[in-house]
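In what follows, a single structure is set out as structure tokens and then discussed.
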Amino acid sequence: MKTYFYVQGDGDSPSKQYEFKFPHQFITSQNPKFIHIIHCRCLFSNSIVSDIMLHCNFIERDNYLDSFVCFTNTILTKYKKYEITRPKDTFKVWFTDLMNNKIDVQQFVLEMMIEYWNDKK
């Protein structure tokens with residue numbers, strides 16, 4: 001099954017991290033699971049800027065630059081695809097500047113596609 005999955009947040013996080021839950025069916029499936037990052041739009045200082053880096057802690061391998069996923073407010077010509085072999089109920093998202101300093105964004109929407117197969121009974 002492939003389905004779109006959206007999360008959104010605002011800059012009210014004291015830790016500058018935002019925590020979300022995956023759908024229950026995604027977590028409990030015993031079959032292979034993948035997350036495709038499609039797009040992240042964010043607002044910072046009342047502007048849409050493209051040099052903000054998105055990070056997510058569901059990256060299990062090749063998590064370079066503190067689990068860097070993509071730059072925000074840019075069109076990805078190829079979706080980022082991550083295999084999830086050790087799923088957790090929740091995941092964290094955070095943003096940094098180009099020097100890897102955590103920053104608060106005013107608002108953001110992260111568009112993903114989650115891919116998993118229902119378990120056979």
Side-chain angles (χ1 to χ4, degrees):
M1 167 181 276
K2 291 182 180 180
T3 186
Y4 290 101
F5 181 57
Y6 299 89
V7 296
Q8 72 181 87
D10 58 29
D12 289 335
S13 172
S15 67
K16 299 181 182 174
Q17 291 187 350
Y18 309 90
E19 189 168 311
F20 302 98
K21 286 187 169 207
F22 283 117
H24 179 72
Q25 300 88 335
F26 178 74
I27 296 301
T28 57
S29 173
Q30 298 300 310
N31 296 309
K33 295 176 256 316
F34 299 91
I35 298 173
H36 306 259
I37 302 297
I38 297 173
H39 188 71
C40 183
R41 177 78 63 179
C42 79
L43 188 63
F44 179 74
S45 294
N46 293 321
S47 299
I48 294 177
V49 294
S50 60
D51 60 353
I52 294 175
M53 300 169 69
L54 168 69
H55 304 261
C56 299
N57 74 342
F58 54 70
I59 299 173
E60 295 177 1
R61 60 179 217 108
D62 300 334
N63 58 348
Y64 306 110
L65 292 175
D66 193 22
S67 300
F68 170 67
V69 175
C70 65
F71 288 101
T72 62
N73 302 319
T74 59
I75 303 299
L76 298 176
T77 56
K78 183 177 178 185
Y79 301 152
K80 305 285 183 114
K81 182 177 181 179
Y82 299 97
E83 183 175 12
I84 307 302
T85 58
R86 297 179 305 276
K88 298 175 184 164
D89 289 343
T90 62
F91 66 98
K92 292 183 180 176
V93 171
W94 64 98
F95 299 88
T96 65
D97 62 17
L98 293 176
M99 300 301 292
N100 209 27
N101 299 306
K102 285 185 182 176
I103 59 173
D104 265 331
V105 295
Q106 286 171 277
Q107 297 283 330
F108 72 91
V109 175
L110 174 58
E111 179 182 11
M112 299 174 273
M113 178 182 288
I114 55 175
E115 181 180 356
Y116 60 98
W117 290 265
N118 293 326
D119 295 323
K120 303 280 191 254
K121 296 195 174 156

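One-based numbering along the sequence shown. These figures come from a predicted structure and were not determined experimentally.
Nearest approach of S67 to I59, heavy atoms of both residues: O-CD1, 3.5 Å. When all heavy atoms of C40 and L110 are compared, the pair lying nearest together is CB-CD1, 3.9 Å. Across all non-hydrogen atoms, the minimal contact from I37 to L76 is O-CD1, 3.6 Å. Here the shortest heavy-atom pairing between N57 and W94 reads N-CZ3, 3.7 Å.
Residues I84 and F20 fall within the same hydrophobic cluster, defined by Ile, Leu, Val, Met, Phe, Trp and Tyr side chains chained together at heavy-atom separations under 4.5 Å. In this structure, I103 is not a member of the same hydrophobic cluster as V109, with clusters built from ILVMFWY side-chain heavy atoms closer than 4.5 Å. Linking Ile, Leu, Val, Met, Phe, Trp and Tyr whenever their side-chain heavy atoms come within less than 4.5 Å leaves V7 and M113 in two separate clusters.
For Y18, the side-chain hydrogen bond (donor to acceptor under 3.5 Å, both in side chains) partners are D104, not counting sequence neighbours. For T3, the side-chain hydrogen bond (donor to acceptor under 3.5 Å, both in side chains) criterion is met by no residue, not counting sequence neighbours. Residues passing the side-chain hydrogen bond (donor to acceptor under 3.5 Å, both in side chains) test with Y64 are D62, sequence neighbours excluded. For E19, the side-chain contact (heavy atoms from CB on, under 4.5 Å) criterion is met by T90, K92, not counting sequence neighbours.
Shown here is Y6, whose OH atom has more than 12 heavy atoms of other residues, nucleotides or ligands within 6.0 Å.
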May I have the step-by-step check of side chain to side chain contact (heavy atoms under 4.5 Å, CB included) for S29 and N118, ending in yes or no?
-> CA-CA 6 Å; S29 173; N118 293 326; over 6 Å; no
Show the numbers, then the answer: is there a side chain to side chain contact (heavy atoms under 4.5 Å, CB included) between F26 and I35?
-> CA-CA 10 Å; F26 178 74; I35 298 173; 3.9 Å; yes
Kindly indicate, with the supporting measurements, whether the criterion side chain to side chain contact (heavy atoms under 4.5 Å, CB included) is fulfilled by I27 and K21.
-> CA-CA 10 Å; I27 296 301; K21 286 187 169 207; over 6 Å; no
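One distance of note links CE of M53 with CG of D66; it measures 8.5 Å at 0.5 Å rounding. A distance of 11.5 Å separates CD1 of I38 from CD1 of I75, quoted to the nearest 0.5 Å. To the nearest 0.5 Å, atom CZ of residue F22 and atom CE of residue M112 are 6.5 Å apart. Going from atom OG1 of T74 over to atom CD1 of I48 covers 12.0 Å, rounded to the nearest 0.5 Å. A distance of 12.5 Å separates CD1 of I114 from NZ of K2, quoted to the nearest 0.5 Å. Interatomic distance, CZ of F108 versus CD1 of I52, reported as 11.5 Å (0.5 Å rounding).
Of the possible donor and acceptor atoms, one in the side chain of Q30 sits under 3.5 Å from a partner among the backbone N and O of T28. K33 places a side-chain N or O within 3.5 Å of a backbone atom of N31 that can act as its donor or acceptor partner.
Counting side-chain heavy-atom gaps under 4.5 Å among Ile, Leu, Val, Met, Phe, Trp and Tyr, the cluster of W117 also holds F34.
Side-chain contact between T85 and R61 is absent, with no heavy atoms from C-beta onward closer than 4.5 Å. Side-chain atoms of F95 and L54, non-hydrogen and from C-beta on, do get closer than 4.5 Å to each other. Proximity of Y4 to E111: side-chain heavy atoms (C-beta onward) are separated by under 4.5 Å at one or more points.
For residues 35-50, the set of pairs meeting the side chain to side chain donor-acceptor pair (under 3.5 Å) definition, not counting sequence neighbours, comprises H36-E115, N46-Q106.
Using bins of under 30°, 30° to 60° and over 60° for the plane-to-plane angle, the ring pair H55/F68 lands in the perpendicular bin.
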